[in-house]
Structures are given as structure tokens and as C-alpha cells.
Asker: 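Have a look at this one before I ask anything.
Labels below follow one simple rule: chain letters A, B, ... track the order of the sequence lines, proteins then strands, and each chain is numbered from 1.
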Amino acid sequence: MIDWTPLFISMKTASVSIAITVFLGLFVAWGIIMIKNDTTKVVLDGVFTLPIVLPPTVVGFFLLYIFGVKGPIGSFFINFFAYKIAFSWEATVIAAVVMSFPLMYRSARGAFEQVDSNLVEAARTLGMSEWKIFWKILCANALPGIISGGILAYARGLGEFGATAMLAGNIADLTRTLPIAVYSDVAAGNMGSAFYYVVVIIIISFIAIFFMNYFSIRQGKRWK
Amino acid sequence: MSGKLLKVNIQKKLNEFDLDVDFDLKTQNFGILGPSGCGKSMTLKSIAGIVNPDEGIISIKLDNEEVYFDSSKKINLKPQKRNVGYLFQNYALFPNMTVEENIAVGLAKENYGKIEELVKKFRLEGLEKRYPRQLSGGQQQRVALARIIAYDPDVILLDEPFSAMDTYLKDQLRRELINLLEEFDGFIVMVTHDRDDAFHFCDELIVMDKGKIIAEGKTYDIFEKPEKVQVARITGCKNISKIEPIDDYHFRALDWDNIVLESAEKISKNISYAGIRAHDFTFADRDDLNAICTKDSEVVEMPFEWDIKLASDLWWKYEKEIHDHEFTFPDYIKINPKNIILLE
């Protein structure tokens, strides 16, 4: 009998993390394009992009350092909320967000920079607030780029393995996501159930990409 | 318009030059004429608040005075707080919004009722639900203007509105823009590098070059008496030569084969150039005053004029009809001394 809990855990983790990643990515990209100083921009961009160039285990190492029981944030949560972040379900979300964030941030930033700056300036002279400009001008006109960033980030979050294993571990029914379940089953010699997980991951990934692509093509056509 | 005043006095350090302009605007249709990259768009963007000058004052007086920018008092209103409409060269219509939605951007919710009226006024009936990409250039211009008028600005800034258009469309849109803005009661400032736009549209002009104002005054005066070489060039004077004065009314044109010409105006000390508009030559005999030999000229046929380059490097444009293809050349042409423009 196949244990489907890794599927539910993965879906839950990927859904919560993509929601956080999208908003975080959009706001950080907005902040970065508003920065006038080039040096600050380059340095911050480097920091935000780092998780995709580093090996996931290295990111996991840093996350453990920060969120672990002795880490600054980890100990804070233990002292004030009596809650241990490391090796909890929330840890899978943190790992997925950190690892998928750069993809969202970079796609959003690229898409924002493609938006004609005259549109933003025109909106300002017409009295539109900066908040409204962000949503109705920047995000609306950068939508195809934002959606493709979202696809990449979602796929990255769903497939997250290294950092998750480091920060959340491999606890059955709690932090064992699909990629980790594949690894555990293969390691234990259960090739059969690993195969099922692999098929499920492929199907979910494909459906997600199909829907988002479809939406982005339709959106693009509407304005033309 | 009486008593209204738009004051602009700004300085800004730029890569290639320093922008330093100072002008007061009292007439309704005002123009800034200059070659591309002379700082004229920067000036316009400073008025709108899109670009911040380093120093200076921008203020507007209608019923009472409002200061948009004052570096000494650290005042710098956001573009949202300045009542300025900006017509971008590419119109900057929001591609994700319909015509209606574009117009509504500048309106408060309680005024959405005005949309219908504006749609009618700017002849956009039936296009309300269309997206900007589905509109022609002329329709886009009307939407952009409707959107600005909806916002009810005190100043409308026009940034090279016709520069990216072909001649046919340009003439039509220029006329239309002027008609549509006729009822507008505030200031209109147009920036352009096109002398036809400036001449057609502006009552008063400033001419800019490399960030500085090099001429200002009534449009007719600037075109008639450009006084400076750069001004003559931008107002369309084709022939400009360095000169060597012979006496008070005669000079030798150094760039035109050293021909000697007579000017109606006295050649004062600060004059070192002379200009002749290419259309100002007329047929002549050898002994006429200011006669110029046309031997060895190169002729190019255009649809409505002959473009002749004389051996002395002078350009002469002679109007023709479309079905004329033969041009019998006079041996001499002349220039009326009154049409010689003396330049500093």
C-alpha cells in the first residue's frame, strides 16, 4: 500500500510557500527597481540571488544556523512561543520559500523593467498613488513575466530537497515531502513506491506549467 | 489668462552639459524649440516632477500661487500633487486598460459620469471598450488628451507630440491637437525640435541649445530675426556662412566662395555670420545687386521643389509643380539685401 501523506505534505508546502514567495518576490523586486544608487542595487541583488547559485545544502546549513534551537530566530521562537521551528512542517515552507524566492524575484524584476517607464510617469502625473501604480500599472503590465516567474518558483518549491532535508529533516507524516520520500524509498530499496512518487511529481508539475502557460498566453492575447 | 504666471528657473548637472533655464510664461501656447538632447525634455519633466532639478524654483500662479519646487525652501511636490498633464511622445496609454478605463484614471470616482461626455467630445464613441493597441495613432492621441483633460490640469505639457509620425499623419494630428486644446484654459508648453510644429502652435518661444536658453520672444520675431547661428539653424535657415565685413553694408562670405554681398541692415561689430534662407533667392541678371552665378550647380528634383546646390555651396530651393520635370536654369540668381540675416 502506497503512503500518500508525502503528496499532501508537498502540496501543502508548495501552495503555502508559493503564496509567500510571489508576494515577497514582487515587493522586493519593486523595492530594488526603486533604488537609485547602483552599488546598493548590485549588492542587494547579489544577496537576493544567492540561494540559486549556492548548493541547496549550503543554504540549508545557513537556515539551520538561523532557525536552529541555538540560532537567533530559532531561540527567539523557543523562548517566547515555546515553538521549535527546525524539524517542523513550517521548516519545509521556509526552505521552499528561500530556495524559490530568487526565481520569483528575478523574473518579477525583469518583467517590471520591461514595462515602459513612461507608463509609470504618466500614472504619477495623473495622480495615481504609488501603491495603485504598483498593482494596476507595474504588475498588470508585467503579468506574463510574473506568471512565468511563478511557474518556475512553484516548480522549484515542489522539488526542493537539499535545504528541506537540512532544516526540516525527514520525519514521516510531518516533513517528508515527495522529493524526500523518493530519496528515502530508494535508499531503503523500495523502488516500486518511489516510482509512484516520481510519476505523481511529474504529473503535478506538468499540470501546473500547462495551466499557467495557458493563462499567460491568453492574457497576452487580450491586449493585442 | 491675465495675471496667470508659470515661473521656471532650474539648474541641473547633467553628463554632457549643465541645464540652466529661466523663463516666465504668461501666454497660453508656449514652445521650447531645440535640437534633440538639448535639455528641453528634461525641463518639461522637471515641471511635471518626474525629474528633480538640483536647484531652482518652479511655481504657478493662477488664483493664488502654488510652489511646485523650491530648492532653497526644500519644497518638492510629488508629481501626483502637481496639477500638470503630460502628453508623452508615445502617448503612454495603459495597454492593460480600455479606452474608458484609461480616461477614468485621472478622475475621482464620483466624477465617473464625466467619462461619457469626454468620450463624445474627443470623438471616441464606440471605442470605449477597446484596448489602446486596437486604435489608430489619431485615436490614441485623442484618448491621451481626453485622459489629460479629465484630470483638469492647470498646465499641459506636450513632449515632441508628432516627432515619430509620417508627414501625412503629422499635419492632420497637429491641426486636430490645436482644435481639441482650444477650449483649454491653462498653460500649454510644447517641446519640439521641429520648426513647423513650433511656428504653427506657439505664440511665444524659447530656443535652447546645450542646456541654455539662446533666444526667447515672440515666435514671429525669432523666425524673422534669429540673431544667433544656432537659432538660425534650428528655425530652418539652410545657408550660414562666416563673413568678413568690407564696409557697413557689404561683406565677403567666406564659406560661399568669397562672394561679396550687400545687406540692408548695418553690419555691427558683433556680427560674424550671415544666413540666407534657401527659398529666398530669385532669378536675376548678371548686373543685378547680389547676383550669384549658378554655373556648375547640382540639381535634385523633389516632388514640389527643385533642390539646387550651387558651386559656391549655397542651397537654393525653387518651388515647382508636380508635373514639371524640366528646369531651365537662369545663369544668375540674386538675394534681396533685406533677406540677408546677420548673425552673431
Asker: At a 4.5 Å cut-off on heavy atoms, which part of B:Asn90 comes close to chain A: side chain, backbone, both, or neither?
Answerer: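 Only the side chain of B:Asn90 comes within 4.5 Å of chain A.
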Asker: Give a yes or no on whether B:Phe23 atom CZ has more than 12 heavy-atom contacts from other residues, nucleotides or ligands under 6.0 Å away.
Answerer: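 Enclosed: over 12 neighbouring heavy atoms sit under 6.0 Å from CZ of B:Phe23.
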Asker: More than 12 non-hydrogen atoms from neighbouring residues, nucleotides or ligands closer than 6.0 Å to NZ on A:Lys41, yes or no?
Answerer: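 Correct, the count exceeds 12.
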Asker: Kindly compute the distance separating CG (A:Leu126) from CD1 (B:Ile103), expressed to the nearest 0.5 Å.
Answerer: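 Between atom CG of A:Leu126 and atom CD1 of B:Ile103 there are 11.5 Å.
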Asker: Which bit of A:Lys136 comes within less than 4.5 Å of chain B, counting heavy atoms only: side chain, backbone, both or neither?
Answerer: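 Both parts, heavy atoms under 4.5 Å.
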Asker: Set out, in order, the CA-CA distance, both residues' side-chain angles and the distance that settles side-chain contact (heavy atoms from CB on, under 4.5 Å) for B:Gln80 and A:Ile133, then state yes or no.
Answerer: CA-CA 11 Å; B:Gln80 284 95 332; A:Ile133 289 173; 4.1 Å; yes
Asker: Of the backbone (N, CA, C, O) and the side chain (C-beta and beyond), which part of B:Leu93 lies under 4.5 Å from a heavy atom of chain A, both, or neither?
Answerer: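 Only the backbone of B:Leu93 comes within 4.5 Å of chain A.
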Asker: Would you check if B:Val84 and A:Thr125 make a side-chain contact, meaning some heavy-atom pair closer than 4.5 Å?
Answerer: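 Contact flag for B:Val84/A:Thr125 side chains = no.
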Asker: How about CD on B:Glu110, more than 12 heavy atoms from neighbouring residues, nucleotides or ligands closer than 6.0 Å, or not?
Answerer: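 Counting other residues, nucleotides and ligands, CD of B:Glu110 exceeds 12 neighbours.
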Asker: To the nearest 0.5 angstrom, please state how far the OH atom of B:Tyr86 sits from the CG atom of A:Asn118.
Answerer: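 The CG atom of A:Asn118 is 7.5 Å from OH of B:Tyr86, to the nearest 0.5 Å.
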Asker: Are there over 12 heavy-atom neighbours, none belonging to A:Phe195, within less than 6.0 Å of that residue's CZ?
Answerer: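 Open.
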Asker: Under 4.5 Å from any heavy atom of chain A, what part of B:Lys81 do you find: side chain, backbone, both or neither?
Answerer: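 Neither part, no heavy atoms under 4.5 Å.
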Asker: With a 4.5 angstrom heavy-atom cut-off, which part of B:Arg147 approaches chain A: side chain, backbone, both or neither?
Answerer: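 Both parts, backbone and side chain.
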Asker: Around atom CZ of A:Phe62, are there more than 12 heavy atoms of other residues, nucleotides or ligands at under 6.0 Å?
Answerer: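 Not buried by this count: 12 neighbours or fewer within 6.0 Å.
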Asker: Of all the heavy-atom pairs spanning A:Leu119 and B:Pro95, show the shortest one and how long it is.
Answerer: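 Heavy atoms only, the tightest pair is CD1-CD, 3.7 Å.
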Asker: Nearest 0.5 Å, what's the CZ-CE distance between B:Phe94 and A:Met128?
Answerer: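 It comes to 5.0 Å.
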Asker: If you count every heavy atom of other residues, nucleotides or ligands that lies below 6.0 Å from A:Phe210 atom CZ, does the total exceed 12?
Answerer: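 For A:Phe210, atom CZ is not crowded (no more than 12 foreign heavy atoms under 6.0 Å).
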Asker: Under the criterion side-chain contact (heavy atoms from CB on, under 4.5 Å), I'd like the reasoning laid out for A:Arg124 against B:Ile50: C-alpha separation, chi angles, the key distance, then a yes or no.
Answerer: CA-CA 8 Å; A:Arg124 286 199 182 121; B:Ile50 298 167; 5.9 Å; no
Asker: Quick one: does any side-chain atom of B:Asn96 pair with a main-chain N or O of A:Ile137 as donor and acceptor, under 3.5 Å?
Answerer: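 Answer holds: no.
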Asker: If you count the non-hydrogen atoms of other residues, nucleotides and ligands that lie under 6.0 Å from CZ in A:Phe161, is the total more than 12?
Answerer: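 Above 12, so yes.
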Asker: Would the number of heavy atoms belonging to other residues, nucleotides or ligands and lying under 6.0 Å from NZ of B:Lys7 be above 12?
Answerer: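 Counting other residues, nucleotides and ligands, NZ of B:Lys7 stays at 12 neighbours or fewer.
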